[in-house]
Amino acid sequence: MPKQYWLMKSEPDDISFDDVLASKGQTTSWYGVRNYQARNFIRDGMHVGDGVLFYHSSCAVPGIAGIAEIVSAPYPDATQFDPKSPYHDPKATPEQPRWTGIDVKAVHKGRYLDLKELRSHPELEHMRLLAKGSRLSVMPVEPAEWRFIVKLIG
DNA sequence: GCCAACGTTGGC
DNA sequence: GCCAACGTTGGC
């Protein structure tokens with residue numbers, strides 16, 4: 001399985017890249033994805049060792065905050081079973097889970113690439129993130145885009 | 001807070 | 001299966 005690349009959005013007011021860097025093992029459990037397309041990318045596409053662009057959304061300066069890595073297999077997102085969680089799904093059961101989580105480790109923080117800069121590079125004009133109306137919180141990144149962005153981050 | 005774009009729900 | 005109504009995302 002060749003290494004694949006992903007972009008994952010987090011609201012920094014909730015969990016920022018720095019928060020993950022500061023946490024135990026620099027690793028966080030990615031939970032709360034409640035969109036089927038995004039879920040399918042996690043459940044069916046992600047493997048240990050895949051690269052992740054950690055994106056900050058719904059904040060003052062949206063952009064790519066750092067590089068991360070998938071460090072677990074996908075597993076049922078525990079918050080779906082928790083009635084007290086905002087991510088609770090009454091239709092999900094442990095026997096028939098509906099939503100998927102995965103462990104993500106922060107590996108490198110370089111220069112912050114804000115959205116305006118991302119849009120300024122012709123090399124990135126076809127990024128799914130930048131497509132009109134794109135709202136997915138988890139999406140694939142092309143290897144060429146990944147290499148270009150990693151170079152920019154430094 | 002606004003609003004465009006997209007996803008989901010539910011009546012029929 | 002259609003589609004209107006509603007909810008959410010996320011940049012600005």
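The sequence lines fix the lettering, A, B, ..., with proteins before strands; numbering per chain opens at 1. No hydrogens, no waters, no symmetry mates; every other heavy atom, side chains included, goes into these values. These numbers come from a predicted model, not from an experiment.
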Checklist entry - Mind checking what makes side-chain hydrogen bond (donor to acceptor under 3.5 Å, both in side chains) contact with R39(A), not counting sequence neighbours? => result none
Checklist outcome for this item: Closest heavy-atom pair, T79(A) versus Y31(A), reported as atoms and distance to 0.1 Å, is CG2-CD1, 3.9 Å
Item to check | Ring centroid separation H56(A) to F17(A) under 6.0 Å | outcome: no
Item to check | Sequence-distant partners of R98(A), side-chain hydrogen bond (donor to acceptor under 3.5 Å, both in side chains), two or more places apart | outcome: Y36(A)
Checklist entry - If you walk 5' to 3' along DNA chain B, what is the first nucleotide with an atom under 4.0 Å of a heavy atom in chain A, and what is the last? => result dA5(B) to dT8(B)
Side-chain atoms of residues 19-28 of chain A: list all donor-acceptor pairs with protein atoms under 3.5 Å, sequence neighbours left out, distances to 0.1 Å.
unit_1 : atom_1 : unit_2 : atom_2 : d
D19(A) : OD1    : S16(A) : OG     : 3.4
D19(A) : OD2    : S16(A) : N      : 2.9
D19(A) : OD2    : S16(A) : OG     : 3.2
S23(A) : OG     : V20(A) : O      : 2.7
S23(A) : OG     : T27(A) : O      : 3.4
T27(A) : OG1    : G25(A) : O      : 2.8

Next on the checklist: I'd like to know if the side chain of H126(A) reaches the main chain of E145(A), judged simply by a donor and an acceptor atom lying under 3.5 Å from each other, with no hydrogens or angles considered.
Outcome noted: no
Output side-chain donor-acceptor pairs under 3.5 Å for residues 102-113 of chain A, partner residues at least two apart or in another chain, one line each.
unit_1  : atom_1 : unit_2  : atom_2 : d
D103(A) : OD1    : Y75(A)  : OH     : 2.4
H108(A) : NE2    : G154(A) : O      : 2.4
K109(A) : NZ     : D18(A)  : OD1    : 2.8
K109(A) : NZ     : D18(A)  : OD2    : 3.2
R111(A) : NE     : L152(A) : O      : 3.4
R111(A) : NH1    : E117(A) : OE1    : 3.0
R111(A) : NH2    : E117(A) : OE2    : 3.0
R111(A) : NH2    : L152(A) : O      : 3.4
Y112(A) : OH     : V61(A)  : O      : 2.5
Y112(A) : OH     : G63(A)  : N      : 3.0

Checklist entry - Touch check for E11(A), heavy atoms < 4.0 angstrom, all strands: base, sugar-phosphate only, or nothing? => result nothing
Item to check | Positions of residues 126-138 of chain A (non-hydrogen atom under 4.0 Å from DNA chain B), listed by number | outcome: K132(A), G133(A), R135(A)
Checklist entry - Quick one: CG on D77(A) to OG on S85(A), what's the gap to the nearest 0.5 Å? => result 7.5 Å
